[in-house]
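Here is the structure we will look at, set down as structure tokens.
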Amino acid sequence: MSTKTPECWASDPNARAVKIEVSAEQSLLLPFDQFAFAELRSEGKDQRLRLVFATHEVALRGYSLRRIETTMQRMELSFLMALPGNQRALVTEGQPVVLEIVVTEAEKQQARPPGGSE
């Protein structure tokens, strides 16, 4: 039986993109050269981190997400996934825990002008 702490993120100083595992059936590679900005908001213990790329927005909900934000700032973030519920209690206090990942395509985010004409 493995005693390794489960992790929902990874870093690699040679990474050129971040792999987002949305589900067991879907993953996405987002290149760092399309990264625009990140925004971290804290709501008590719960945190929300937005990673905005040219083509997609990745919204994370979880705990201790500042380490993930810092790793993205250094462009070393190589992997993200939501941690399964049965593994969350195994994570050491203070380590990042991603509870949920929502990925939205950029063209679906843009609001259309009132009246329906562009």
Side-chain angles (χ1 to χ4, degrees):
M1 185 168 155
S2 175
T3 57
K4 185 178 186 303
T5 303
E7 293 186 355
C8 52
W9 69 289
S11 66
D12 177 351
N14 297 314
R16 296 201 189 311
V18 58
K19 179 179 179 178
I20 312 292
E21 193 165 298
V22 181
S23 68
E25 298 81 29
Q26 180 187 9
S27 64
L28 187 65
L29 282 174
L30 295 172
F32 289 135
D33 63 0
Q34 292 185 7
F35 177 63
F37 72 92
E39 177 184 31
L40 179 66
R41 291 179 182 245
S42 295
E43 300 162 0
K45 188 178 175 186
D46 199 35
Q47 292 183 320
R48 297 184 186 275
L49 177 62
R50 286 177 55 214
L51 303 174
V52 179
F53 293 82
T55 58
H56 293 79
E57 178 176 320
V58 179
L60 308 175
R61 183 176 62 83
Y63 310 116
S64 302
L65 299 181
R66 187 162 307 278
R67 286 186 62 191
I68 294 174
E69 177 193 39
T70 300
T71 304
M72 187 65 199
Q73 177 186 9
R74 294 180 183 142
M75 295 200 172
E76 294 180 356
L77 186 63
S78 60
F79 177 74
L80 278 174
M81 68 174 274
L83 199 61
N86 62 346
Q87 294 182 1
R88 293 177 187 159
L90 303 174
V91 176
T92 309
E93 181 72 28
Q95 292 299 312
V97 174
V98 177
L99 302 173
E100 178 183 36
I101 298 176
V102 177
V103 176
T104 309
E105 290 183 46
E107 60 269 10
K108 293 181 180 178
Q109 294 175 12
Q110 298 172 354
R112 296 182 183 251
S117 62
E118 294 184 23

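- With sequence neighbours left out, the side chain to side chain contact (heavy atoms under 4.5 Å, CB included) criterion links E43 to D46, R48.
- V102 and F79 sit in two unconnected hydrophobic clusters of ILVMFWY residues. Membership requires side-chain heavy atoms under 4.5 Å apart, directly or through other members.
- Residue L29 holds its CG atom at 11.0 Å from CD of Q34, rounded to the nearest 0.5 Å.
- V18 places none of its side-chain heavy atoms less than 4.5 Å from the side chain of V58.
- Of the possible donor and acceptor atoms, none in the side chain of T71 sits under 3.5 Å from a partner among the backbone N and O of L77.
- Checking L49, V22, I20, L28 one by one against L80, the side chain to side chain contact (heavy atoms under 4.5 Å, CB included) holds for a single residue, I20.
- Summarising the geometry, atom CG belonging to N14 is positioned 9.0 Å from atom CD belonging to E76; distances are rounded to the nearest 0.5 Å.
- The shortest heavy-atom contact between I101 and E21 is CD1-O, 4.2 Å.
- Closest heavy-atom contact between W9 and P96: NE1-CG, 3.4 Å.
- The backbone N or O of V52 sits nowhere less than 3.5 Å from a side-chain atom of E57 that would complete a donor-acceptor pair.
- Residues L83 and V98 have side chains not in contact (no heavy-atom distance under 4.5 Å, counting atoms from C-beta outward).
- Looking at heavy atoms from C-beta onward, I68 lies out of side-chain contact with M72 at the 4.5 angstrom threshold.
- Pairing each heavy atom of Q95 with each of S64, the nearest pair is O-CB, 3.6 Å.
- Two residues are said to be in side-chain contact when any heavy atoms from C-beta on lie closer than 4.5 Å; L51 and L30 fail this criterion.
- Between the CD atom of E69 and the CD atom of E39 there is a distance of 9.5 Å, given to the nearest 0.5 Å.
- Note that the NZ atom of K45 and the OH atom of Y63 stand 5.5 Å from one another [nearest 0.5 Å].
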